[in-house]
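One structure is given here, and the rest of the page talks about it.
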Amino acid sequence: MNNFKTSVTMKLLLAGIVLILIVETNAQWYNFPREAFQGAGDMWRGYSDMREANWKDSDKYFHARGNSDAASRGAGGRWAAEVISNAREWVQERTGHGAEDSAADQKANEHGRSGGDPNDYRPPGLPGKY
């Protein structure tokens with residue numbers, strides 16, 4: 001009976017070590033909530049800057065920049081950027097904004113999230129502050 005307990009304990013210990021190693025190397029799940037929170041802040045800053053700048057044809061730049069900043073936080077930031085971007089576009093489509101504009105916004109969002117340079121969408125003359 002004692003050998004059975006030792007065998008089960010060793011198997012559980014080994015399974016626990018393997019699980020910890022897999023989670024640690026692949027997910028770093030413990031960083032996800034912090035990254036998501038910070039990424040949401042990056043998205044809010046992008047939106048606030050866009051409203052403050054009030055610059056013609058700057059919408060796509062701020063989409064790309066907000067997504068880029070959030071995604072640079074890690075998996076949590078990338079997730080937050082995607083959820084926020086998709087929710088924003090969903091709401092805009094339902095409130096009468098065109099599907100064509102939404103598709104262009106989503107293209108800029110993905111460009112930023114995937115590591116593209118937000119300055120590719122920067123309009124001429126936009127102040128350097130942004």
Side-chain angles (χ1 to χ4, degrees):
M1 186 77 173
N2 200 16
N3 286 337
F4 178 74
K5 282 184 177 180
T6 302
S7 175
V8 169
T9 302
M10 291 301 289
K11 287 177 183 177
L12 287 174
L13 181 61
L14 181 59
I17 290 170
V18 168
L19 182 61
I20 288 170
L21 290 174
I22 289 170
V23 169
E24 179 69 26
T25 58
N26 289 332
Q28 294 188 0
W29 57 270
Y30 52 87
N31 287 327
F32 192 92
R34 178 179 46 84
E35 293 168 356
F37 182 77
Q38 291 171 335
D42 293 329
M43 295 293 287
W44 178 255
R45 187 174 51 259
Y47 176 75
S48 296
D49 286 350
M50 180 181 69
R51 301 283 296 182
E52 178 185 302
N54 195 24
W55 199 265
K56 183 177 170 129
D57 297 326
S58 67
D59 181 49
K60 307 303 180 263
Y61 165 74
F62 286 107
H63 277 267
R65 195 194 81 187
N67 276 269
S68 176
D69 291 348
S72 71
R73 303 280 184 180
R78 221 174 357 272
W79 174 81
E82 187 170 359
V83 168
I84 291 167
S85 295
N86 289 342
R88 179 182 181 274
E89 295 310 318
W90 183 85
V91 168
Q92 284 197 334
E93 283 181 10
R94 272 33 173 206
T95 58
H97 288 77
E100 201 172 287
D101 184 53
S102 182
D105 286 349
Q106 287 289 43
K107 184 177 176 188
N109 294 337
E110 180 58 33
H111 179 78
R113 268 196 312 273
S114 65
D117 184 1
N119 288 313
D120 293 348
Y121 289 94
R122 188 179 189 86
L126 181 67
K129 171 183 176 181
Y130 305 108

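The structure presented is a predicted model; accordingly, all values stated were derived computationally and were not measured.
Atom-to-atom distance recorded for Phe32:CZ and Arg78:CZ is 9.0 Å, nearest 0.5 angstrom. The structure places CD1 of Ile84 at 5.0 Å from CE of Met43, a figure rounded to the nearest 0.5 Å. Residue Asp101 holds its CG atom at 9.5 Å from CD of Glu93, rounded to the nearest 0.5 Å. To the nearest 0.5 angstrom, Arg65 atom CZ is 9.0 Å from Asp42 atom CG. Here the CZ atom belonging to Arg113 is positioned 11.0 Å from the NE2 atom belonging to His63, to the nearest 0.5 angstrom.
The backbone N or O of Ala64 sits nowhere less than 3.5 Å from a side-chain atom of Ser68 that would complete a donor-acceptor pair. Side-chain atoms of His111 do not come within 3.5 Å of backbone N or O of Pro118 as any donor-acceptor pair. Remark: side-chain polar atoms of Ser72 are paired, donor with acceptor, to backbone N or O of Asp69 under 3.5 angstrom.
Contact record, Gly128 with Arg122: CA-NH2, 3.7 Å, taken as the closest heavy-atom pair. For the residue pair Ala80 and Gly39, the shortest heavy atom distance occurs at CB-C, 4.4 Å.
With sequence neighbours excluded, no residue forms a side chain to side chain donor-acceptor pair (under 3.5 Å) with Asp57. In this view, Asp120 satisfies the salt bridge (Lys or Arg N to Asp or Glu O under 4.0 Å) rule with no residue, not counting sequence neighbours.
Residue-environment remark: CD (Glu100) stays at or below the threshold of 12 foreign heavy atoms within 6.0 Å. Other residues, nucleotides and ligands contribute over 12 non-hydrogen atoms within 6.0 Å of the CZ atom of Arg94.
By the 4.0 Å N-to-carboxylate-O rule, Glu110 lies too far from Lys107 to be salt-bridged with it. A salt bridge does not link Arg45 with Asp49: every distance from a Lys NZ or Arg NE/NH1/NH2 to an Asp or Glu carboxylate oxygen is 4.0 Å or more.
Residues Ser102 and Gln92 have side chains that never bring a donor and an acceptor to within less than 3.5 angstrom of each other. At a cut-off of 3.5 Å, with distance as the only test, a side-chain donor of Gln106 or Asn109 sits close to an acceptor on the other residue.
The hydrophobic cluster containing Tyr47, built from Ile/Leu/Val/Met/Phe/Trp/Tyr side-chain heavy atoms closer than 4.5 Å, also comprises Trp44, Met50, Trp55, Tyr61, Phe62, Tyr121, Leu126, Tyr130.
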